[in-house]
Amino acid sequence: MRRSKQFTRTLRDAPADEVARNAQLLIRAGYVYKVMAGVYAYTPLGLRVLERIKQIVREEMDSVDGQELIMTNLQHKTTWQRTGRWDDEVVDVWFKTALQDGTELGLAWSHEEPIMEMMQQFVKSYKDLPQSVYQFQTKLRNELRAKSGIMRGREFIMKDMYSLHATEEDCDRYYESVIEAYKRCYDRFGIGDSTFVTFASGGAFTKFSHEFQTITDAGEDTLYINDEHTVAVNEEVLDDATNELGIDKASLKPVTTAEVGNIFKFGTEKSEQMGIYYTAADGSQKPIYLASYGIGITRVMGVIVEKFADDKGIVWPVQIAPYQVYLVSIGEKGSQKADELYKELTDHGIEVLYDDRDARPGEKFADAELIGLPYRVTVSERGVEAGTYEFTERQSGETSILTHEELLAKLGELLG
RNA sequence: CGGGGUGUGGCGCAGUUGAUAGCGCGCUCGGUUUGGGACCGAGAGGUCGAAGGUUUGAGUCCUUUCACCCCGACCA
């Protein structure tokens, strides 16, 4: 992509109404556009990041036999009345609307009940189980107060997966496999080292749920972890969990974290509340075991910005970056050579954001750092004369002078 | 929802005791520049969040209202 053709531009100053670092940087660099409090649009640049995150999650969910689908944002009142969760006293984040004839509808804040209602039509027998379905879906939650930029909005994108099982053992086994799939996701996002599977407050069925929490100062949660990083407990269940696990509370130290995933088991509660049963081998009607698994896609994006950004701007892990290379041309000779390199790299399947604007080097460098692509290649007049290219890593700031051959080899090595 | 704060060109801001809006960035045109956000010159762009009121006169005072931010509460 040529920057001269992109409609987004960078801003020197962040809007005064944003305090959250992730929102400031994402707006300045042109990844998101704020529509209202807690509601952000994603530009082509931002969308690319979301798609990267989604693709990783998609691959990992597929690896545990998840089947991707997409539910709807308009939901039946009656669906939620089956579990008593239509009531505003029970769920306080509902956006509600109505058809012209007065029929009340809900706007999706979650999809547990709608998924179960749909699955009722397909899952009739023990032979139809287990099943696991997931989606990337826009969730609408009427939060009292939006905050933390894209980390806690009223509209956000979430991957939610639901697994249905005939037995508790099967559900438990599957649940464990999803934990492993989740770990692979966070590893691939580049935040695996600082993300912990955490004991958190549970649902009605299990004592604890599991949260995936990433260490970041921008987080809203406090986690207690041991030195070996093998035990992590959310502050909200610290006493209960340490008692249950027989762990000395004093051996755990607090860290500030942001929740980047939450998984939990419903047992047969949802199935029983909704009156959804399958036929067992002996012909009897049995309730379905349900578990659900969420990853906030937009939130992950925000957390990654918060974690890695420096005083110059965003620093994307290479797997998440919207493009891998920021190509800078300097001067007319540099520009000609950069055109050639742009085509060559693109032909090699490398995704390049090419700063071909008629702008001064300082401005291009500043933008490169703000936008935060992992690698910058600079093509200048002096480089053209010497037959070299400048290669700079965003994270370390290290620069090396490479020949054409060396540059291609380097990129090939780094980008596979 | 309780408390606090802020709304003035796209972004960041100034506007003294009321007298009909200004600066920086950005944008347009011309020229000089070209390795860390250049310089000179000429321009475009704002019913000062909205409504009502006081006044000869309101960005400025009063009332109401909307939006945004922060703290708290809330948060499968």
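Note that this is a predicted model, so its numbers are computed, not measured. Every chain is numbered from 1, with letters handed out A, B, ... down the list of sequences.
Residue contacts for A:Glu369: at a heavy-atom cut-off of 4.0 Å it reaches a base atom on one of the strands shown. Heavy atoms of A:Ala14 sit under 4.0 angstrom from primed sugar atoms or phosphate atoms, though from no base atom. Among the atoms of the strands shown, none is found under 4.0 Å from any heavy atom of A:Glu332.
Salt bridge A:Glu363/A:Arg360: absent, no basic N to carboxylate O contact under 4.0 Å. Contact check on A:Lys337 versus A:Glu340 returns a salt bridge, with a Lys/Arg side-chain nitrogen under 4.0 Å from an Asp/Glu carboxylate oxygen. Between A:Arg9 and A:Asp367 there is no salt bridge, since no side-chain nitrogen of the basic residue lies less than 4.0 Å from a carboxylate oxygen of the acidic one. With respect to the salt-bridge test (charged N to carboxylate O, under 4.0 angstrom), the residues A:Asp172 and A:Lys265 qualify.
The list of salt bridge (Lys or Arg N to Asp or Glu O under 4.0 Å) pairs with a residue in residues 103-123 of chain A, not counting sequence neighbours, reads A:Lys77-A:Glu104, A:Arg82-A:Glu117, A:Arg85-A:Glu112, A:Arg85-A:Glu113, A:Glu113-A:Lys270.
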Identify each atom pair where a protein N or O and an N or O of nucleotides 38-44 of chain B are less than 3.5 Å apart, giving names and distance.
residue, atom, partner, partner atom, Å
B:rA38, OP2, A:Arg360, NE, 3.0

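In this structure, CD1 of A:Ile295 is placed 18 Å from P of B:rA76, rounded to the nearest angstrom. The separation between A:Arg376 atom CZ and B:rG36 atom P is 11 Å, rounded to whole Å. When the P atom of B:rU28 is taken as reference, atom CZ of A:Arg9 falls 8 Å away, rounded to whole Å.
Across all strands shown, B:rU6 is found opposite B:rA67 as a Watson-Crick or G-U wobble partner, with both distances under 3.5 Å. Pair check for B:rG22 finds B:rC13; Watson-Crick or G-U wobble, both atom distances under 3.5 Å.
B:rA44 sits 8 Å from B:rC27 when the C1' atoms are compared, rounded to a whole Å.
The CZ atom of A:Phe199 lies 11.0 Å from the OG1 atom of A:Thr242; values are rounded to the nearest 0.5 Å. Note that the CD1 atom of A:Ile401 and the OG1 atom of A:Thr403 stand 11.0 Å from one another [nearest 0.5 Å].
A:Thr214 places no side-chain N or O within donor-acceptor distance of the main-chain N or O of A:Thr195, the cut-off being under 3.5 Å. In terms of modelled atom types and a separation under 3.5 Å, the side chain of A:Asn22 and the main chain of A:Ser148 share a donor-acceptor contact.
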Using a 4.0 Å heavy-atom cut-off to protein, can you give one letter per nucleotide of nucleotides 66-75 of chain B, 5' to 3': B if the base is in contact, S if only the sugar-phosphate is, - if neither?
--SSBBBBBB

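Distance from the side chain of A:Arg28 is smallest to B:rG37 among B:rC27, B:rA76, B:rG37.
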